[in-house]
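Read through the structure below, which is laid out as structure tokens, and then see the notes.
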Amino acid sequence: MRHRARRSVSLANLMLFAPGFLLFVFAVVVPFFSGLHVALTSWDGIAQRMDYCGLRNFRLIFKSADFYVVLGNSIYFAVLITLANNLLSMGIALGLNRSFRGRGLVRSAFFFPTCLSTVLAAFIWNFLFRDVFRQLFGMNSLLGNMQTAIPGIAVIALWNGLGINVIIYLAGLASIPTELYEVAILDGARPSQKLRYVTLPMLMPSFTVCITMTLISGLKEFATTMAATGGGPGHASEMISIYIYKNLYSYYQAGYGQAVAVVFVIILALSGGILARLLRNREILA
Amino acid sequence: MKRRCIVTAVLLLAVVFAGVCEGKKNSGSTAEAKPQSDVTIKWMHHFGEDSARQWIDAITKKFTEETGIKIEVQAVGYDDYQTLLKAKIASGDAPDIFDLSVSDLPMFIKNGYVADVGVCDFWGNLIDSAKKSTAVNGVNYYIPFEAGASAAFYNKDVFKSLGITKMPETYDQFIALLKKIKASGIYPIAFGSQEWWTFINDYKASELQHDLRGDPNWMENLEARKKTFANDKVFIDTLEKFRERHKYGNDDQFGTDWNKATEMVATGKAAMVINGNWAIGAIKEKNADAHIGAFAVPASNNPRETMITSWLSGGFVVYEKSPVKKEVYQFLKTLTSKESGEIWQNAGRLCSVKNLPPSKEAALSDIARYMSAGKAFDVSSVRVDFSQEFLNAEVDVFTQFLINQIKDPLAAAKLLDKKFDAIAEKHAAP
């Protein structure tokens, strides 16, 4: 009797789990495997039939010099944006965590650019780089130079996306118990010591979320680059997402593009997983 | 109660009957005004300019008024156009008429998506050479409505203020002209190279003519790797000249877009822009009073080789499996009519409709003069664009060369060969 009751409870639990599981299967698992199927064909993206070509696309990827260039661009951008975004947003959050007049207004001001569309942000910064900065500082547009195009895009992405991490760090700071600071003061800790021994360790969960999220979104970067430079000048700012997009929709190489997407998913899963694990270990130590 | 129900029912019947009569009366009067049809043609395009959209509005409205056939127009941004078109075809919702570039056409032909429009009776509306010069292996897949010409489009007021009255006919004269303009403090040429298509069209205006003169199948042979850039002396020479004239351009060329470049010509900050005839409309949008002229860009010291590049290409295609193909063919007669051509021409554009009155636009008259003097290099039946991935490689190498990251034109040619080899291997059948 008790055994039957336990079984019905576990069945009910499974029923609760089912909607989420089905959604995951249809939204993630099925597309992934159908994508894997396309990756093993030489499909041009518009033909009615797909011809199986085995692992040819994957062999071509690892032979392609362009693939390594765009992968390098994505990694460069992701590292740049992760470092800049987290340093800046944490600094701003520390500043905004203090009490001062007009704090609410200043917090809103930092979040405002996040509400703007990526295309609009790219348009505004294109104008600033090209016309305003030229008149003020006599400098050429960062987006028009092969060496500075990616840092230029990082500036736009930073301005457009900083607000989210600021909010996460602010929430993290708000959750640190004030008793810890009081004890530190009693022990004679200086402000820099409070930051090092109380604030930063207690912010580790926020670091895990922000750093992992920024790195993954940096690797996946598409919209800002597409709107700001389209991957140019030349291929100087072409990221891996744009490379996939071009193969799928412009080059009539949908099979190859899909194969790059599969390789990219594996890279994303590995880098995100390893980074999150490393940071979580630090959380435990803290 | 029963009586009330009967009265209500009678009243309701009276109202319904009156409505039916009224409806019949209305439909009868509408039928007299214009023909009725349940047919709708779906047209998808990526024209962004107001003038082109106004032309579409005018001709679709006229066609619907005359035939009762509705046209559902979907305007899509150029960047999303290919994506959406392919998605629509894949999902069975293909537009009945859409536009395709010549470089995209082979894939659509291969997959049987575009209809043979050679059988249609609109060809008589177009100039005589249109049908023959735009056939692909003897079949007409697209309607070459739009004509184009590449040249230098210059600000007449700037030239006048500098006392320039004679247009250059040789490369040396052209460089001397650029030096003279530069000495006056005005940028001789405005380059909007932030948008790659601008410098590819710039190259088409003169240098490409020399590549194609020796071999009309120059692009096909390079893609098929039957020839190489590094062994092509003409290409290496044209590449050097191409970079030479970029030295007479504005600062920060790769940080300047097309909009800004044409604004510089419109306001007299730059003297000219080298591109297709769409430059006229783009300049006039910024300054309606600008006086624009056109001249052929010399790339050699032989004046007989100085020609504008002209073409009839790109254009509208009909979806092979369209359920309203007959109606689309009917619409093509309106699209290629004289009235349609006049609206298009008045927007500062060129088209292939015959017997149009001379254009009021001075730059278009200049182009017409070159054409009537036989000084137009017609590329209608020749490939002038590489397929997309090859084109991207060309853009990449040209960029590196123009910004001096690659100094030697031979090194640029060798890099192009390397990239083309890799792409050709990727595109080869497995």
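As a basis for the values below, the full set of heavy atoms in this structure was taken, side chains included, without hydrogen atoms, waters or symmetry mates.
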Salt bridge (Lys or Arg N to Asp or Glu O under 4.0 Å) partner of B:Glu425, chosen from A:Lys63, A:Arg56, A:Arg59: A:Lys63
When rounded to the nearest 0.5 angstrom, what distance separates CD in B:Gln400 from NE2 in A:His235? 9.0 Å
Does anything in residues 136-152 of chain A reach chain B? List residues with heavy atoms under 4.5 Å apart, or say none. A:Asn140, A:Ser141, A:Leu143, A:Gly144, A:Met146, A:Gln147
Using a heavy-atom distance cut-off of less than 4.5 Å, which residues of residues 254-265 of chain B contact chain A? B:Phe254, B:Gly255, B:Thr256, B:Asp257, B:Lys260
A:Ala228 portion near chain B, given a 4.5 angstrom heavy-atom threshold: backbone
Working to the nearest 0.5 Å, report the span between CG of B:Asn111 and CG of A:Asp44. 5.0 Å
Under a 4.5 Å heavy-atom cutoff, which of A:Asn57, A:Asn126, A:Asp66 has the most pairs with chain B? A:Asn126
Report the distance from atom CG of B:Leu85 to atom CD1 of A:Ile46, rounding to the nearest 0.5 Å. 8.5 Å
Might you point out which heavy atoms bring B:His427 and A:Tyr251 nearest each other, and give the distance in Å? CE1-O, 3.6 Å
Please rank A:Asn247, A:Thr229, A:Asp51 by heavy-atom pairs under 4.5 Å with chain B and give me the top one. A:Asn247
Answer with side chain, backbone, both or neither: which region of A:Arg134 has an atom nearer than 4.5 Å to a non-hydrogen atom of chain B? side chain
What are the residues of residues 385-394 of chain B, in order of number, with any heavy atom under 4.5 angstrom from a heavy atom of chain A? B:Gln388, B:Glu389, B:Asn392
Could you tell me which residues in residues 186-202 of chain B have at least one non-hydrogen atom under 4.5 Å from a non-hydrogen atom of chain A, sorted by residue number? B:Gln194
Take a 6.0 Å sphere around NZ of B:Lys88 and say whether it holds more than 12 heavy atoms from other residues, nucleotides or ligands. yes
